[in-house]
Amino acid sequence: PPTPPRFPDCRVPTTFEDQGETEFAGRASMQVFEGFYATVRVEDIVGGRRGVRAFHRPGTAAREAVALAALGRMTPPGIAVPELISLRREGDREVMVQTYVPGVPLAEATPEPSSAAAHALAEQVVDVVTHWHAQEGTAFEDLRGGTHASFLASYSADVRDLGSWLEGADHIDPGLRERIRMTARAVPDLLRPLADDSPVFIHDDCHAGNFLVDPEGFVLTGVIDPGAARYSHRELDLFHLADGAEGLRLWERAAARRPLARGASERRGLFRIWDDVKHARATGWWDDEWFLRRLGAFEQSRHPRAARRGG
């Protein structure tokens, strides 16, 4: 796969090795988890463990490999990031084999919110995110790799692209599709306060499930599963911090470190909607009730009095 120009040192294999169904015949034991984008296997092998992700849709593995290499470069020392071992095929599925990072998802190992351990763990997470956002790029990148002089231009390109897919998604209720697409009208107004901000490195999917923690010592051990890691606006990472492990108040802690521009809560609602559309396009998932809740929260934040009246 091509290497994006903004990550020139992130080299990944250019071909897939065809392993048929026999590659892991010698494994001693295996754990299997079904994920949004892939079936994940944790395998015990001679000398340790490794992770194996068999993707549900073609074209995902190479992109994930580049994002993983970039995340490894951008993450502070002491926080583990899986390293690519190989790209392979198992039957008709693309497979990424990577090193194993110990720990359990933060969303599943949160200490008592009022404890010193919770405070220390939350600050560790915000430290990592702050480290990413201290690394600036030269342009804002959209999801297809295009570069733009402003965040408004790059995000508008993504919303147009996703909106075009949504328009042709006949399996979705037409009224719901239109209601989602109408939120794009708020983009210029909501992004205007960010006009002077610089592009920074973002993970793109840093919710609580993608931070790994030692469940006994409540210490951050690693970060996994970057989305479309790239240079963009830091708020495209920060809105994920409000998802999962709510007791740690990660969104609020990040905002306290570096205050957010006017309209941050409304932007968080907007970003959530279009991020979910992105996942829907990539995976085939859809949930009407989920999107209705997202839309209701966004509309409430935009027009609270009208939302309370139901109009």
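Every value quoted in this text rests on a predicted model; they were computed, and no experiment measured them. Values reported hereafter were calculated over all heavy atoms of this structure, with side chains retained and with hydrogens, waters and symmetry mates removed.
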Practice item. May I ask you to check whether over 12 heavy atoms, not counting those of R262, lie within 6.0 Å of atom CZ? Key: no
Check your understanding: Is the F140 to Y155 ring centre distance short of 6.0 Å?
Key -> no
Practice item. Please confirm whether the backbone N or O of R179 pairs with a side-chain atom of T183, one donor and one acceptor, at under 3.5 Å? Key: no
Practice item. Step through the shown structure and confirm whether more than 12 heavy atoms of other residues, nucleotides or ligands are within 6.0 Å of CZ on R253. Key: yes
Review point. Thinking salt bridges, do R257 and D127 make one under a 4.0 Å N-O criterion?
Key: yes
Point to revise | Between D276 and W290, a side-chain donor and acceptor under 3.5 Å | key: yes
**Study point:** Atom pair CZ (R50) and CD (Q98), whose distance is rounded to the nearest 0.5 Å
**Key:** 11.5 Å
Check your understanding: Are D275 and R272 close enough for a salt bridge, meaning some N to O gap below 4.0 Å?
Key -> no
**Study point:** Heavy-atom pair of closest approach, residues P199 and T138
**Key:** CG-C, 4.2 Å
**Study point:** Interatomic distance, F298 atom CZ to L190 atom CG [nearest 0.5 angstrom]
**Key:** 5.5 Å
**Study point:** Pair D189 + R302, salt bridge at N-O below 4.0 Å
**Key:** yes
Check your understanding: Atom CD1 in I273, atom CG in L295: separation rounded to 0.5 Å?
Key -> 4.5 Å
Exercise for review: Report, as yes or no, whether the 6.0 Å neighbourhood of atom CG on D288 holds more than 12 heavy atoms from other residues, nucleotides or ligands.
Suggested key: yes
Practice item. Can you measure from CE (M74) to CD1 (I202) and round to the nearest 0.5 angstrom? Key: 11.5 Å
Study note, to complete from the structure: Between the OG1 atom in T283 and the NE2 atom in H279, the distance rounded to the nearest 0.5 Å is 8.0 Å
Point to revise | K278/D204 ion pair, N-O < 4.0 Å | key: yes
Revision key, fill the gap. In this structure, CG of L260 is separated from CG of D197 (nearest 0.5 Å) by 10.0 Å
Practice item. Identify whether the distance between the nearest side-chain nitrogen and carboxylate oxygen of R181 and E178 falls below 4.0 Å. Key: yes
Check your understanding: Should the heavy atoms of other residues, nucleotides or ligands under 6.0 Å from CD of E34 be counted, would the total exceed 12?
Key -> yes
Exercise for review: Would you indicate whether E83, at its atom CD, is surrounded by more than 12 heavy atoms from other residues, nucleotides or ligands within a distance under 6.0 Å?
Suggested key: no
